[in-house]
Amino acid sequence: MAVKAGVMADTHGLLRPQVLDLLKTCDVILHAGDFDDPRVYAALEAIAPLYAVRGNNDGAWAQALPDSRFFALEGVTFFMAHERGRIPEDLAGARIAVFGHSHRYFEQTA
């Protein structure tokens, strides 16, 4: 069975109703930092399992979140960081890298 993941970053304290409606159809949520508000984190965590990292604008409340992380979903290994510059050259077997910060869509296939 395929896992449906909502992938996002840089919400900056805002969750639009349309986004929430889409996320409610997801099995997991990946957030690459800059929540800016712990209520956004809590709202996402209440919808589905949340894989998250801390962004440069996340305050003291987010200190427990890692700067980067490896995790696996359905046998696929991911690496996630807020900024693209924090993605290592050697992804140690990760097949997918997720980052935010730029506020621009980016996709690259190796």
Side-chain angles (χ1 to χ4, degrees):
M1 179 174 97
V3 171
K4 185 174 181 181
V7 181
M8 60 194 316
D10 299 282
T11 45
H12 294 289
L14 177 64
L15 283 176
R16 290 186 170 87
Q18 306 91 314
V19 172
L20 286 171
D21 289 343
L22 286 172
L23 292 174
K24 289 175 184 172
T25 69
C26 295
D27 301 309
V28 297
I29 299 170
L30 314 182
H31 193 295
D34 274 358
F35 293 90
D36 284 3
D37 188 324
R39 292 173 293 190
V40 171
Y41 182 92
L44 296 176
E45 193 174 43
I47 294 170
L50 177 61
Y51 294 82
V53 294
R54 180 177 58 248
N56 62 299
N57 287 307
D58 291 323
W61 69 269
Q63 289 304 308
L65 292 176
D67 284 327
S68 63
R69 67 187 294 182
F70 284 95
F71 58 95
L73 296 171
E74 296 292 315
V76 177
T77 303
F78 291 74
F79 178 83
M80 184 164 49
H82 180 60
E83 297 179 37
R84 184 177 181 190
R86 292 185 177 260
I87 298 173
E89 295 237 355
D90 178 10
L91 286 173
R95 291 184 51 207
I96 299 173
V98 176
F99 63 91
H101 188 63
S102 69
H103 295 229
R104 293 191 175 117
Y105 176 79
F106 176 83
E107 180 179 342
Q108 179 178 338
T109 304

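Just so you know, residue 1 is the first one in the sequence shown, and it goes up from there.
Nearest heavy atom pair, residue Cys26 against residue Gly6, reads SG-N, 3.5 Å. Among all heavy-atom pairs drawn from Ala32 and Val98, the shortest one is CB-CG1, 4.1 Å. Considering every non-hydrogen atom in both Thr77 and Gly93, the closest pair reads CB-O, 4.0 Å. The two residues Asp21 and Thr25 come nearest to each other via the heavy atoms O-CG2, 3.7 Å.
Within the structure, no pair that satisfies the salt bridge (Lys or Arg N to Asp or Glu O under 4.0 Å) test touches residues 43-52, not counting sequence neighbours. Sorted by first and then second residue, the pairs that involve residues 58-69 and meet side-chain hydrogen bond (donor to acceptor under 3.5 Å, both in side chains), not counting sequence neighbours, are Arg54-Asp67.
Annotation: the span from Ile29 atom CD1 to Leu23 atom CG amounts to 4.5 Å, rounded to 0.5 Å.
In this structure, the side-chain hydrogen bond (donor to acceptor under 3.5 Å, both in side chains) partners of Glu107, at least two apart in sequence or on a different chain, are Tyr105. Partners of Phe70 according to the ring pair (Phe, Tyr, Trp, His ring centres under 6.0 Å) rule, which considers only residues two or more places apart in sequence or in another chain, are Phe79. By the side-chain contact (heavy atoms from CB on, under 4.5 Å) test, Arg16 pairs with Leu14, Gln18, Val19, sequence neighbours left out. With sequence neighbours excluded, the residues forming a side-chain hydrogen bond (donor to acceptor under 3.5 Å, both in side chains) with Thr11 are His31, listed by chain and number. Partners of Phe106 under the ring pair (Phe, Tyr, Trp, His ring centres under 6.0 Å) rule, at least two apart in sequence or in another chain, are Phe99. With sequence neighbours excluded, the residues that form a side-chain contact (heavy atoms from CB on, under 4.5 Å) with Leu20 are Leu15, Ile47.
Hydrophobic clustering (side-chain heavy atoms under 4.5 Å, transitive across Ile, Leu, Val, Met, Phe, Trp, Tyr) keeps Ile87 apart from Leu30. Ile96 and Met80 fall within the same hydrophobic cluster, defined by Ile, Leu, Val, Met, Phe, Trp and Tyr side-chain heavy atoms under 4.5 Å apart, directly or through other members. There is a path of hydrophobic side-chain contacts, each under 4.5 Å, that joins Val28 to Phe71.
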Just list the side-chain donor-acceptor pairs under 3.5 Å for residues 33-42, sequence neighbours left out, or say none.
| from | atom 1 | to | atom 2 | distance (Å) |
| --- | --- | --- | --- | --- |
| Asp34 | OD1 | Asn56 | N | 3.1 |
| Asp34 | OD1 | Asn57 | N | 2.7 |
| Asp34 | OD2 | Asn57 | ND2 | 3.1 |
| Asp34 | OD2 | His82 | NE2 | 3.2 |
| Asp36 | OD2 | His12 | ND1 | 2.7 |
| Asp37 | OD1 | Arg39 | N | 2.8 |
| Asp37 | OD1 | Arg39 | NE | 3.1 |
| Asp37 | OD2 | Arg39 | NE | 3.2 |
| Asp37 | OD2 | Arg39 | NH2 | 2.6 |

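Residues Val53 and Arg86 form no side-chain contact, since every pair of their non-hydrogen atoms from C-beta on lies 4.5 Å or further apart. The shortest side-chain heavy-atom distance between Tyr51 and Leu73 falls under the 4.5 Å cut-off.
Apart from Leu22 itself, the hydrophobic cluster it occupies contains nothing, where clustering links Ile, Leu, Val, Met, Phe, Trp and Tyr at side-chain heavy-atom distances under 4.5 Å.
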